Amino acid sequence: MRYPYSEIEKKWQDYWEKNQIFKTDFSQTENKLYCLVMFIYPSGSNLHCGHWYNYGPTDSWARFKKLKGFNIFEPIGYDAFGLPAENYAIKTGVHPYDSTMQNIDAIREQLKKMGCMYDLSAELMTCVPEYYKWNQWLFIQLYKKGLAYRKKAPVNWCTSCRTVLANEQVLSDGNCERCGSEVIQKNLTQWFFKITDYTEELLQGLETINWPNKTKSMQRNWIGKSLGAEITFNVEGSDEKISVFTTRPDTLFGATYVVLAPEHPLVDKLTTEDNKKSVENYRDSIKSLTEIERTSTTKEKTGVPIGSFAINPANGEKIPIWISDYTLLTYGTGCVMAVPGQDERDWEFSTKFKLPKIRTVQPPDDFEGEAYLADGPAINSDFLNGLYVDDSKKKIIEWLEENGTGKKTVKYRLRDWLISRQRYWGTPIPIIYCPDCGEVLVNEENLPVELPYNVKFNSEGISPLISSEEFVNVKCPKCGKDAKREVDTMDTFVDSSWYYLRYFNPHLDTAPIDKEIANNWIPVDRYVGGAEHSTLHLLYSRFIHKFLRDIGLVNSDEPFKNLIHQGIITNNGVKMSKSKGNVVNPDDFILKYGSDVFRLYLMFMGPYEMGGDWSDKGITGTERFVQRTYDLFINNKNVLSNCELKDNFTIDSLNEFEKSVYKKVNQTIKKYETEIDAFRFNTAIASLMELLNEITKNFKNCSNEIKVYTLSRFSVLVSPVAPHLGEECWSLIGNKKSLMESPLWFTPDKNALIEDTVNIAIQVNGKLRSTLEVVANSEQNEVKELVFKDKKVSKHTAGKEIIKEIFVKNRIYNIVVK
RNA sequence: GCGAGAAUGGCGAAAUUUGGUAGACGCGCUAGAUUUAGGAUCUAGUACCGAAAGGUAUCGGGGUUCGAGUCCCCGUUCUCGCACCA
């Protein structure tokens, strides 16, 4: 009989839902396990393979843990604000609220068909006042601590999304992380969250969490800590001082010029009359350049002198001051001391403009390069001469500090998080501008500041909220005069930076978080999601979590204890995307094979963290597995009614077929546990297939008792990776209660794991010549005779001198001959 | 350019933790059985060369070892991340 998957899957989904089996009881905390997947952006293309690949296997892991006795919390929600819905509105006229809600309804139905253990009472969506009210509350708390502020700054502006972006949202090619369009620099007044107050803790905290090394190193890289010194250069004939940051203070004697960022405020003050024109021209020439062009390593260096001179504090030498776009205003002090002898960029620049080069580190004799970056003894450096780089650094810093011309400094690459967006579909920023009082916070009791429904959508780069008079016009909370609301909305990464805390009670209206539950259930025990969020969501969440800790809302330092990234499923080597039209729709497969088969196949494809190229070629493999499993249980329907389920058997009491099955079952349990626990689903499923093959071969010669023993265990093993099938099999053999309702796990019988015979390899000179079956743990002298009796062996040893014999118990017997 | 990871049959992949019979499991393929028929099911086979004995095989080249897919050195290709960060 063909496995009626649609009927059976529906049956169990309804059963689980009706009996609220996946509703978590938060009061039981000693065996709690919070298993979280990154919530869904509800786009019009609904659930795709990537979602399935993220959610299915993770749920299988959680089900395994549930069977093992953990109290699981597995929620799902909707990251419902965002640009795509608004762009869709501009294009089609459908309001973002309407399209989003429609998408959510469709996705909710799809999710049901996956058969995950989601606690539906915990569902949340970020686009409703009930949720975003607390974004505003969070903003107010940050503001009160001085961690939310407004400033005018050069910001990234996406020419297509018509809004500003955080640094993290700009790709390394200078394009928009979201749409791939060009990003340009604009000087605008924007809202920032002061993530930089937590820089050092964000860096140190990485040591305490179990995340992929790569992700941690990406965050380290993004934070970009560098140790060095700040050195002050006097300017000839001026009271102004130039401060430079360098990681190589030891090369100070080799500094032959200083370069300021073209936008640096000192440029106006220090440019001499003669050079005003060329400086202006230079500044104009780089204005039109995009950030990509400016920071491209392949671009030839440009720059002009500004006419004045700095004094090298180490040796009193007069050195020229230049401006060049390779110096960035936003990093360090916006000035560099140029040491051509030890820096490739400076070497290139000084060669082009014929500026002097002085080596201050002695390169080895065979060194043929230009700038020498490696270690060596100092030269041309007065009191540093002879010292190697590390010692030299220490000594010059001491000297600088004694002379008051510099100090040891730490710099970070991390910038504050720009959170304002000139768009509609996000959380309104709870700020009111009053002509008299200036920038005023909305009172907490007046939250939420609700998004008005009726606005004019535009692609002009102005927040649509400005078109809603009832929204914009407001009385000042301080003085009562006419005032205007902030019309920008928050970056949606604010929404996702704390959603995992809201799941415990998404409808709570007195606080953002149910503290009592959260304190027992946080951190998240396992977080699974895409690696593309390494420096965005995952960094922001860590920051917000630490802030919430500091204001007493959570009692832990890190939100996500364990993190795993699922791999990417590509189609013909390219990432699936709607725009490329190469998206594989899971619904077709669910219809054709059922959700269990599809889930199994995704897991069986290969290592979870590797992903891979999509092909449905092998899906018949998992389809057959499901069918054969079903047939097996149909053929043994109600075996439980004939005999009891026994704990264990004495191996000697079994016939050879039973023995073989009995051993295989127990070996499989052991193997399977290890594999699932480590997210190695492919090998876990392979072990189940091996077990099924064993059963198929030997079951007809087994007693009912052994059958019951085996089938009970087999259905429990199947249940995490094919949840509907598992329940069905469990019930087919005669169990009354659902597996998920009363979870259980079988521990393997240790005696069954011991092999009584083993095959050992016999090698001559390291080459395999024969194999030999011997009693397990046989000693060399017990095996030796048999080995030398073997004709295949004697053929290769005949007439040769035996030099050595190597014996490794239960593994090999290697004879070395000459 | 810098950093990290990877490379195994016709294909997806095991074995890498601990150096010890390479290719588990699955797809595909071949042959046979069964069926009115099947893209259904079952049985057997399937790394390559060879009739066999045997030989050759884990990206290429060296090395350590009785023994290397696994450890070390050099190189190639691919993927990912960073990229004038001073």
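Quick note on labels: first sequence line is chain A, next is B, and so on, each numbered from 1. Just so it is clear, the structure is predicted and the values come from calculations on it, not from any experiment.
A donor-acceptor contact under 3.5 angstrom links the side chains of A/Thr696 and A/Arg628, judged on distance only.
In this structure, A/Lys301 satisfies the cation-pi test against A/Tyr326, with its NZ or CZ atom closer than 6.0 Å to the six-membered ring centre and inside 45 degrees of the ring normal. Seen from the ring of A/Trp52, A/Arg599 does not count as a face-on cation partner, given the 6.0 Å and 45° thresholds.
Straight-line distance between the C1' atoms of B/rC66 and B/rG61: roughly 24 Å, to the nearest whole Å. For the P atoms, the distance linking B/rA86 with B/rC74 amounts to 27 Å, nearest Å. B/rU41 and B/rA53 have their C1' atoms separated by 40 Å, with the value rounded to a whole Å. Annotation: B/rC25 and B/rU77 have their P atoms spaced 37 Å apart (nearest Å). Comparing the C1' positions of B/rC27 and B/rU34 gives a spacing of 23 Å, expressed to the nearest Å.
Of all the residues in residues 799-818 of chain A, A/Lys804, A/Ile806, A/Val808, A/Arg811, A/Ile812, A/Asn814, A/Val816 reach under 4.0 Å from RNA chain B with at least one non-hydrogen atom.
A/Arg624 has a side-chain polar atom (N or O) that falls below the 4.0 Å cut-off from OP1 or OP2 of B/rC27. Applying the 4.0 Å criterion to OP1 and OP2 of B/rU56, one finds that A/Lys767 has a side-chain N or O inside that range.
A distance-only check finds a donor-acceptor pair linking the side chain of A/Tyr282 to the backbone of A/Thr302 [under 3.5 Å].
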